[in-house]
Amino acid sequence: MADASSKFIDDLGGTSAVARLIDAPISTVHSWRTIGIPQSRLAHLRLVALAEGKAPPDEAAINAEREDLVASRKTVSPAPAPTPGRYPPGGQAFPHRSLLGIGHLETHEILYLLDEAEQWVALNRQPKKHTDRLAGLTIINAFFENSTRTLLSFEIAGKRLGADVVNMHAAQSSVKKGETLIDTAMTLNAMRVDAIVIRHGSSGAVQLIAQRVDCPVLNAGDGQHEHPTQALLDALALRHALRDRGRASSDGMLNGLKVTICGDILHSRVARSNILCLQALGAVVRVCAPPALMPAGIEAMGVTPFADFNAALDGAEVVMMLRLQNERMEGQFVPSAREYRHLYGLTPERLARAAPDAIVMHPGPMNRGVEIDSTVADLSDRSIITDQVEMGVAIRMACLDVLTRKARGVEGWA
Amino acid sequence: MKQTRPLIITGGRVVTPDGVRPGTVRCVRGRIEAVGQIEAQERDEIVDARGALVAPGLVDFGVFAIDKPAFHFGGITRAALMPDQSPPLDHPARVRFAAASGKPDFWVHPLGAATVGLEGAHLAEIALMRDAGARAVATGRRWIADSGVMLRLMQYAAMLDLVVVTHAEDGGIAGHAAATASEMATRLGLPSAPAEAEALAVARDIALAEMTGARLHLRQVTTRAAIAMVRAAKVRGVAVTAGVTPAHFMLSDLALKDFRTFARLSPPLREEADRRAVIEAIGDGTIDVVASGHDPRGPEDKRLPFADAAPGMAGAETLLAMVLTLVRDGVIPMERAFDLVARNPARLLGVEAGELRPGAEADLALVDPEKPWVVDSAKMAASAGNTPFDRQPVEGRVTALWKGGVRVGG
C-alpha cells in the first residue's frame, strides 16, 4: 500500500474529494492508494492543496514510495498454486467437467477455485499480463442475453491465458432466425471448441446445453438461477478486503461474517449464487427486499429475510446491493425509483447502521442514486466495487484454466 | 364396425359401482345385456377372463390430443377432447368433425370452447356446438379473467344444462409462471406463482355456480385451499365436481429437479402438503374424476429450458396404473377407482358408458391389476414420450379392450 499517498489524499478530503478537485475519475484516484500518486499529477495536487489551504504533500516520501512499489511489482511472480496437501490430488480437487452453479460445488471446491485465482490476481497486477497456458484453445462466449461487463471479463480472462476467444452475440446470431437452443449448442460443439461460456435468459438453459456438448461449459448467468463466477469473484474480493483490514482467516473461509444482500432477490441469480457460496464459506446471510421481490421459501436456503432495510443493516459487516432493473421500478413491483431509494437505497445515513467498518459491494452496473448513493459507492475505505471487477477477471481465468486441464492433458487431470 | 355376434366374458371379477364380485358380462349389439350369474347362449363368443377384472372402458375427461394407440394401451375407450385445438373448437363444424374423428373404435366427446378463440371475451355458439356433439363447454388451458363474461357463460350454460369445465388458476397471479412459488422454484430460479392462484379462481367460479345454478367442473384442483372450498361447496349443495391428474397425487415439485421439462405441467406441480391433500380429497370423495390430461409433446416443445418448454404430459398410458396405486395404498376401494376414471366422467358427459350395467354401451376392459411393468418414455404408444413417470415401475395393465362390444385391435 502507498501510505504516504493515501495520507495526502485523506488530508485533501478523501478519494471523492480529490477526484472532484482535479477532475479525475474516482477509480484513478482510488488506485493511487495502491500504486502511489504519479509524478505527473503531483505538481497539480500541490497547487490544489495550496488553493484549498491544506498541507502540501510530502513529495519526497510519495516519490520514494512509488518507486519502491514499481520496483517491487517488477519482481512479483505469480503466487504459487494452492498449498500442496490442502486439496485432493490432481483432478480430484475439482472433479466437475463444467461450472454450472455454486449449488453443485463442495466447500473445498469453492476454496480451490478461490486459491487458484490468487495467482491470476497477482499476474493481472503486473505490467505484462499474459501467459500461454491456454494457447491453441478456442473459447466461445455465447451470450444469449446482453452483457457488457461479464462478457468483457470473460474475454479478457481467456485472452490473458492465451486462448483464442470468440464472442457470439445472440442478437446477431441464428437464434433470431428461430434456431433452437439445442441446435445452436450442437453447432458450437461441431466447431470443436474447447470451452463454452454461456449466458442465457432462461433458468436451466446452460445445464441443458452442457448435456449436449463435449467440452466444459461455464455458466455466465442463466435466467434467475445461478451466476457462479459472480459469487466466486465476490468471495475473492471479500477475502482480499478482509486481508487488507487484517481480518483474514487462515483457512480462507468467511466464518461468521454477517452479510446483508439487498435488492431484487426474486429475479437475481447473483443473489442465489451468493447465498450458496457465502454460506458454504461460513458466512451468515440476510436478504432484504420488498415483499414483491422476495422469493417464496427463501428461508429454506438458510438465510434470514427482511423487508425493513434498516433492520437488515443492523450490525452487518458486508452490505451487498443488487441492481434493480429499470422496468421493475415503474409500478409493476415498485412504485417508482425514488420511492425505492426512500426505502431501500444505501445512503450514508443507512450505512451508519451497519458495522463501523462495513464493506460495500455491488455486482454492477449500478443505478447510482437508486439502490446506492454515489457517495457510498465511492467511499474508498468501504466500497470494494472496483475490486469486484478486478477479481472477476482472475476468477474467470482460474475457472477456464481448471476446467480445461483435462483436455490439455495436465498431469493428474487427464 | 358393429358388434355382430353376442359376447360373453366369463370367469372374471366384475367391477360394478357396488363392488367387485365374480360374475359374467354379456353384450349384444354393442350394449351390455346382462351382468351377474348368467349362462352363455349358443353362438355366443365366449372369453375367459381367467380371474382378471372385468371393468368399464375408461372415460378420460380432458385430453388435448386424439392419440388412439396411447388411449387403447391405457384401456381408454372415450375421451373428452379439450377445445384447445388448432384452430380451437369454438365452431359447430369443428365440434362435429372432432366428435366423429375417433370412430368406430374410439369415441371423442368434444368440449366446446366457451368463448370465441378461447380468448375469454365473447361467448361462442354454445347451443349450436351442443347440437353438433359438444358434451360440455370448457374455458381451455386458461381461466376466463373477466368475471362478467364468466357469469354470463354460467347463466347460459345453466339454461342449456351443459357442464362448464374450468381451468382454475387466476391468470393475473399465475402470469407466465412455470412453477409453484416454493423453495424448489426459488432454488431453481424459475418464474413462479403462489399456489393460492388456484383457490382464488375456485372461489370465484364456485360463487358464480352457486349464483347461476350452473354445473361446474373444475378440471384440476391441486391445492389444499381449493379442495377445502370444493368440499364446503358440495356440502352446501352446489353443483360442483372436481378432477385431477395422477401427476398431482403422485409427484410434488421436487420432480422439477434438474429442470426436467417433462414435469412442467399446468397447473404446476405443488408442494408435498398439497399432494397429500389431493390424496385425501380423492379418499373422501371431494375429487370425483381422475383424468390423464393427455398432451403428447415432442422435443421441439420439451427439449428447451424449463420455463420455455410447453406444459403438459403424455398420461393416457399410465392413468390406470397410477390410480391403482391409490387402491393398493388403501386410499380407495377398487370399484371407486373405476368411478374416478370411468363412471363419474361418463356421467359428467351424459353418456351411457363408464359402468357395467344392462343397457350401457359395451365398452369393457380386462384388467390385470397386479401386472408389473416399467414406464419407459422411449417406448410409449403415445405420439410422444413426455411422461414425468419415466423409469418408474408400476402395476396394473389392460390386457383386452372392447368398444361397443367389438374387440379393439383384435
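Chain letters run A, B, ... following the sequence lines, proteins first, then strands; residues in each count from 1.
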Under 3.5 Å, is there a donor-acceptor pair between the side chain of A/S203 and the main chain of B/G189?
yes
Residue A/H200 versus chain B: region with a heavy atom under 4.5 Å
side chain
Partner chain B: residue of A/G103, A/G297, A/A300, A/G201 with the largest heavy-atom pair count (under 4.5 Å):
A/A300
Consider side-chain contact (heavy atoms from CB on, under 4.5 Å). Of A/I209, A/V206, A/L208, which one does B/P305 pass it with?
A/L208
When the 4.5 angstrom heavy-atom criterion is applied to A/I265 and chain B, the contacting part is neither
Counting heavy-atom pairs under 4.5 Å to chain A, which of B/E183, B/E300, B/M184, B/E271 comes out on top?
B/E183
Over 12 non-hydrogen atoms of neighbours within 6.0 angstrom of CZ in B/R142
no
For residues 213-230 of chain A, give me every residue with a non-hydrogen atom less than 4.5 Å from any non-hydrogen atom of chain B.
A/Q224, A/H225
Taking 4.5 Å as the heavy-atom cut-off, does anything in residues 170-181 of chain B contact chain A, and if so which residues?
B/A181
d(A/I275 CD1, B/R187 CZ) to nearest 0.5 Å is 9.5 Å
Taking the side chain as everything from C-beta on, heavy atoms only, tell me whether A/R272 gets closer than 4.5 Å to B/T186.
yes
About how many Å separate CG of B/D308 and OG1 of A/T180, when rounded to the nearest 0.5 Å?
11.5 Å
